[in-house]
2 protein chains.
Amino acid sequence: MNSVHMVADRNDTKARLLTEARDLYVEEGPASFSLREVARRAGVSAAAVYRHYDGKEALFEQVCLAGLQVFYGYLVRALEEATPHERLVGSATQYLRFGLENPRDYRVLFMGAGPAHKHPPGKGKKPDATFQFLIDRVQECMNAGILHEDDPHEVATVIWAHVHGLVSLRLAGQLAHVGTDTQFAKLYHRSTERLVEGLSG
Amino acid sequence: MNSVHMVADRNDTKARLLTEARDLYVEEGPASFSLREVARRAGVSAAAVYRHYDGKEALFEQVCLAGLQVFYGYLVRALEEATPHERLVGSATQYLRFGLENPRDYRVLFMGAGPAHKHPPGKGKKPDATFQFLIDRVQECMNAGILHEDDPHEVATVIWAHVHGLVSLRLAGQLAHVGTDTQFAKLYHRSTERLVEGLSG
DNA sequence: GTCTATAGGTGGATAGAC
DNA sequence: GTCTATCCACCTATAGAC
């Protein structure tokens, strides 16, 4: 096995720094996110980090980009569905799956404290791509007559707010009373479907 | 006018520090929130802050508490409504008003970066009181037969997630395409009412 | 590619004068 | 109540040895 083909060696310092950086960020917050602490957790010196990343900000940028890659990996699966309706529902399902299976990435991408990090390019640009994806699913349903003709922008907006609200509150521990992830998923799907029906009918 | 009765003198350093602290937090994020910078903005030395607050964390705690006071000031107005249904809808309305009229306080209270600030007592305790308030409104509607009997916990959960999702995305600028605050308010009310109908019918 | 050493900077908090 | 001066901790980033 050539090292060139190894994507995530357990001892790959670069990859290790990336995950340690992400974990530190979500565990201790932006205020405590330091390059030195990331290096400590990864078991290397602070100076070593500069062999892999251009600095603190660049490191965090890569954390965001890596999270987006994972996120898109989930979203695109919804396109494998057969009908427009299934693709729309599937999008919501994949969004939920991403959040529950990658809570740390979700927090970095969608629960960053507003202007917490200034530069992270994944904050103002890519989520727009996400939004467009959802708009396309809605438009698709309207074209197929599955959803009543309406402003796809508006319907997509409300759906996004709804799923983001549910997932973010769940990950924040505010919805612990709902029970298991499976129970939460039922609630998620039921309320989302009813919301869509209510908005389109 | 006795100074004892003056709550917010323009030159009241203590009050000035509080608002400067809040603004710095929402503008620059937790990572850049420093006692020294707050003091600079307030036009006093860093040491002067300690005459009013016990330190950096204590200062931020007071920022959170002040925001909660304002928030509750909005919520309780919903209790002035005549019927359970109007009180439930009114709660959502007041929640929206608070967010649009006090975006900085809203960000501090509900859009803090997860574990961004560790101690702030307004994060794990008080929002529970907020949630209980909403549960009470829902239960009230069910008792009155206005909402179909269901788990008030669950219905309140979905409503909270929905309104929080809409307001937080709006304040994050992700819903700029919706238009004016008035237009956004229409969307907010319409989608919320349909959600409630869908969940209870 | 990783280390140690170091330069240069910011911040929290305290002491003591006024 | 506010100031200046100060201490100490921690950080980013770089230089140069290995």
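Letters A, B, ... are given to chains in the order of the sequence lines, protein chains preceding strands, and every chain is numbered from 1.
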Is the closest basic N to carboxylate O distance between [X] and [Y] below 4.0 Å?
X        : Y        : result
A/Arg137 : A/Glu140 : yes
B/Glu80  : B/Arg77  : no
B/Arg104 : B/Glu27  : yes

How many Å lie between [atom1] on [X] and [atom2] on [N], as a whole number?
X       : N      : atom1 : atom2 : value
B/Leu35 : C/dT10 : CG    : C1'   : 13 Å
B/Leu24 : C/dG12 : CG    : P     : 10 Å
B/Arg16 : D/dG1  : CZ    : P     : 17 Å
B/Glu37 : C/dG11 : CD    : P     : 7 Å
B/Glu28 : C/dT10 : CD    : P     : 15 Å
B/His52 : C/dA13 : NE2   : C1'   : 16 Å
A/Tyr53 : C/dG1  : OH    : P     : 12 Å
A/Leu59 : D/dA13 : CG    : C1'   : 14 Å

Are the aromatic ring centres of A/Tyr106 and A/Tyr95 under 6.0 angstrom apart? yes
Nearest-nucleotide check on DNA chain C, A/Gly43 vs B/Tyr50; residue mapping nearer the 5' end is A/Gly43
Donor + acceptor pair across side chains of B/Thr13, B/His52 (<3.5 Å): no
Would you mind telling me which of [options] lies closest to the side-chain atoms of [X]?
X       : options               : value
B/Arg51 : D/dT4, C/dG1, D/dG1   : D/dG1
B/Ala48 : D/dT14, C/dG11, D/dC3 : D/dC3
A/Ala47 : D/dA15, C/dT2, C/dG11 : D/dA15
A/Lys56 : D/dG1, C/dA15, D/dA13 : D/dA13

Distance check: side-chain N/O of A/Arg40 vs OP1/OP2 of D/dC11, anything under 4.0 Å? yes
Within the structure, does a side-chain N or O atom of A/Thr13 lie under 4.0 Å from either OP1 or OP2 of C/dT2? yes
Just to be sure I understand the rule, does B/Ser34 reach a base, reach only the sugar-phosphate, or reach nothing, if contact means heavy atoms closer than 4.0 Å? sugar-phosphate
